[in-house]
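Working notes, beginning with the structure itself.
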Amino acid sequence: MIIPLVLSLVGIIAIIAEFFIPSAGLIGLGGMGAIIVSIVMVFRESGSLYGFIFLFANLVIVPSIIIAYWKHFPRSFMGRRLILSPGPPGGNRESAGGQPSLEAGVEGRALTFLRPAGTGVFGDKRVSVLTDGEFLDKDCPIRIIRIEGNRVFVEAAGPEENTNMHKEQQT
């Protein structure tokens, strides 16, 4: 009766190991096979009463152990090293382009001439910005109108006569 218990334990360990070792499911299948073989052994050696008791025990215990392991795993020694912890709440979120996440409506100023691309400053953060084709003066107040991926689109936020340096060329 000790061999089926050992096989069940080996099967549980193999199923848990499948999550860490890439084997295309072979280790997990081996674990399931070990559990099934242990159940068959109990049916053959001890009869159907003990076989059904062992079967239902495995149906309850195996999923319970796996669920308990996964609830405990993030706090375990290995889990803390494998799972990324969330960043600080309200921390500096950055997009893939390395630009701080800004929102539409935030105001700043143009650090360079925007023809139509340039650099803007929002608070203490320098951001590469684009206009919708208009040219804006250096140091002119700007407002974010939309963000598409890592591109930040702005418009003039101040009085119109100070913002469009090439207005007379367009008319």
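Predicted, not measured: the structure shown is a model, and the values here were computed from it.
Under a hydrophobic clustering in which Ile, Leu, Val, Met, Phe, Trp and Tyr are joined whenever their side-chain heavy atoms come within less than 4.5 Å, directly or via other members, V62 and M32 fall into the same cluster. Tracing side-chain contacts under 4.5 Å through hydrophobic residues (I, L, V, M, F, W, Y), one reaches I39 starting from L59; they form part of the same cluster. Neither V127 nor F153 shares a network with the other; the hydrophobic side chains, linked directly or stepwise wherever heavy atoms of I, L, V, M, F, W or Y lie under 4.5 Å apart, form separate groups for each. Hydrophobic clustering (side-chain heavy atoms under 4.5 Å, transitive across Ile, Leu, Val, Met, Phe, Trp, Tyr) groups F56 together with I61. The hydrophobic clustering, which links ILVMFWY residues whose side-chain heavy atoms are closer than 4.5 Å, places L5 and F52 together.
Residues E155 and D132 are not in side-chain contact: their nearest non-hydrogen atoms beyond the backbone lie 4.5 Å or more apart. Contact check for K138 versus T112: no side-chain heavy atoms found under the 4.5 Å cut-off. A 4.5 Å side-chain heavy-atom check between Y69 and I12 finds every atom pair outside the cut-off.
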Please list, one pair per line, the donor and acceptor atoms closer than 3.5 Å that link side chains of residues 40-49 to other protein atoms, with sequence neighbours excluded.
none

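Closest heavy-atom contact between R80 and R75: NH1-O, 2.8 Å. Closest non-hydrogen pair, S38 versus F54, comes out as OG-CE2, 3.6 Å. Closest of all the heavy-atom pairs between G31 and A14 is CA-CB, 3.6 Å. Annotation for S23 and E18: closest pair OG-OE1, 2.9 Å, computed over non-hydrogen atoms. Pairing each heavy atom of I15 with each of G28, the nearest pair is CG1-O, 4.1 Å. Considering all non-hydrogen atoms of both residues, V154 and F122 come closest at CG1-CZ, 4.0 Å.
Distance check, rounded to the nearest 0.5 Å: OG1 of T131 to CG of L114 gives 6.5 Å. The CG atom of L136 lies 11.0 Å from the CZ atom of F113; values are rounded to the nearest 0.5 Å. Taken to the nearest 0.5 Å, the OG atom of S64 stands 11.0 Å off from the CG atom of N58. Taking CZ of R109 as the start and OG1 of T119 as the end, the distance is 11.0 Å to the nearest 0.5 Å.
Counting heavy-atom neighbours within 6.0 Å of L26 CG, excluding the residue itself, gives a total above 12.
Of the residues I36, I35, V37, the one that meets the side-chain contact (heavy atoms from CB on, under 4.5 Å) test with L7 is V37.
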